[in-house]
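To keep things clear, I will list the structure first and then write my remarks on it.
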Amino acid sequence: MTDERNRIDPGAKAEAIVTEAYRDTTDERAPDALNRAILDQAARAARPRYSRIRLWTRPMAWAATVMLSVAIVMQLTQTPVPDEIGFDESTYEIVAPTGLSEARQRERQSKASAVEQGVVEQEPAARAPASPSASADKVRLETDNNAYEFKDEDMLKRADDMARMREGDIEEAVVADDLSQTFAADAESVGVASTYSAPERCDETATATPETWLQCITALEEAGLTDAADAERKLLAAAFPDFHTP
Amino acid sequence: MTMVANARTLTIGAVPLSRAAQLAYAPTMDTAPEDSALMLRYRDGDVAAFEALYRRHNDALYRYLLRLCHNRDAAEDIFQEVWGKIIKARDKYRPTAKFTTFLYRVAHNCFIDHIRRNKRHTHTADIEPDHQPDTGDCTEMQVERSLARRRLLDALQQIPDEQRDVFLLREEAGFSLDDIASITGTNRETAKSRLRYAVNKLRAAIDEPAGKS
């Protein structure tokens with residue numbers, strides 16, 4: 001340091017004089033009160049912030065976290081995939097179709113009731129296809145109830161197609177028996193019976209005169225209901241023996 | 001220092017301690033531990049180490065601040081603020097530089113902050129320049145020394161803050177020009193120039209009565 005001071009030229013000697021003079025002024029000392037305050041502050045700061053028990057919480061938390069992570073990873077790595085636990089097609093056949101069948105049953109029942117209620121609002125021409133559809137649903141419901149289980153949706157669609165193919169065979173029987181009577185009764189109950197002409201018979205309005213009765217019979221024949229037309233023709237001959245029918 | 005350097009290598013488990021840590025925990029025979037070693041021991045909870053460190057530097061730092069501020073209350077406030085920061089910084093302390101450099105850099109920055117907080121920083125000296133105890137020997141030489149002392153302290157108040165800062169860092173802490181440049185945030189030549197100006201002014205102030213007479 002002395003060498004360095006001597007390099008400060010031209011005042012190396014001047015600096016030595018000033019330094020010597022300054023040394024006489026270095027009797028000033030920090031007040032004791034200030035010293036005590038700072039040392040107390042240092043002692044307070046050096047105290048442990050946490051108790052001995054608290055010091056163990058952090059490593060314990062880390063250990064618990066590591067243990068849980070390892071356990072989760074081991075659980076995930078050791079869990080077998082579905083192929084390894086015997087999930088084969090037989091299981092699928094037993095479980096899945098039953099659920100589908102029940103769901104479809106509820107769906108079809110709601111559809112059938114909707115169709116039955118909606119028939120009264122439709123025209124006769126538009127109503128005719130609705131009845132076979134409802135009957136087809138009915139047939140499908142019966143097949144479902146007979147525990148005919150489908151393996152998948154494709155088979156279900158195929159069954160629906162087969163049911164539609166059989167609609168032609170069962171259409172007359174279903175329409176002639178229950179549904180048409182029910183529809184007619186429902187139509188009468190809502191006051192639209194005049195717009196609906198039952199295909200198998202002529203009503204009182206049609207049978208009031210032989211001419212209108214004959215028109216009704218002709219309409220039955222045009223609709224293809226020849227048996228009903230023949231029956232009405234016999235009734236017409238009996239009611240009006242003098243009326244000459246063509 | 002030689003005894004400490006020759007001490008056997010201290011370890012924690014199989015890991016050898018750094019040199020500073022070895023100095024901190026090495027048995028002290030006839031050599032006082034380094035400042036950084038004391039600071040490391042205080043970091044680890046040794047309050048006695050801090051007290052030793054404090055006793056080593058408190059008076060010089062106090063005089064540095066007192067003569068830099070010319071105000072005893074401000075100097076004491078800054079003094080307490082500086083040591084408070086040292087205490088708070090103990091956990092982050094790394095012995096990468098000399099402790100005194102670290103200490104006086106903090107003090108210098110606190111003084112700058114003090115000036116900025118008090119824009120009307122004035123040189124109102126509220127300290128009595130001559131606190132020399134009266135020994136009763138009123139010889140001519142003692143009178144002359146007392147007068148020189150007063151003139152020096154008066155002149156110290158008159159020189160610019162930057163020059164006074166450099167001079168006090170040199171005289172109170174014994175820093176080299178490089179250390180002074182590092183603490184004040186300047187380069188070496190600037191520090192050297194400021195020191196030269198300060199010394200010349202103070203020398204002129206000391207010699208003034210002699211020149212007149």
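For the numbers below, each heavy atom of this structure counts, side chains included, while hydrogens, waters and symmetry mates do not. Letters A, B, ... mirror the listed sequences (proteins, then strands); counts begin at 1.
With a 4.5 angstrom heavy-atom cutoff, Leu53(B) does not touch chain A via any of its atoms. For Leu156(B), the part lying under 4.5 angstrom from a heavy atom of chain A is the side chain only. Contact of Leu202(B) with chain A is made through backbone and side chain together, with heavy-atom distances under 4.5 Å. The contact between Arg55(B) and chain A is made entirely by side chain atoms (from C-beta outward), counting heavy-atom distances below 4.5 Å.
In the model, Tyr22(A) has a side-chain atom that pairs as donor or acceptor with a side-chain atom of Arg67(B) under 3.5 Å. Side-chain atoms of Thr190(B) and Asn187(B) form a donor-acceptor pair, as typed in the model, at a separation below 3.5 Å. Side-chain contact annotation: Gln158(B) with Lys201(B), donor-acceptor N/O pair under 3.5 Å absent. The closest side-chain donor-acceptor pair between Arg164(B) and Tyr64(B), if any, does not fall under 3.5 angstrom.
Proximity to chain A at a heavy-atom threshold of 4.5 Å picks out nothing from residues 96-106 of chain B.
Salt bridge present: Glu28(A) and Arg72(B) bring a charged side-chain N and a carboxylate O closer than 4.0 Å. A salt bridge is defined here as a Lys NZ or Arg NE, NH1 or NH2 lying under 4.0 Å from an Asp or Glu carboxylate O, and Asp154(B) with Arg149(B) fails to meet this definition.
Aromatic ring orientation, Trp83(B) versus Phe50(B): perpendicular (interplanar angle above 60°, classes split at 30° and 60°).
Note on Leu61(B), Leu152(B), Val47(B): by heavy-atom pairs under 4.5 Å with chain A, the leading option is Leu152(B).
A side-chain donor-acceptor contact under 3.5 Å links Thr184(B) to the backbone of Ile180(B).
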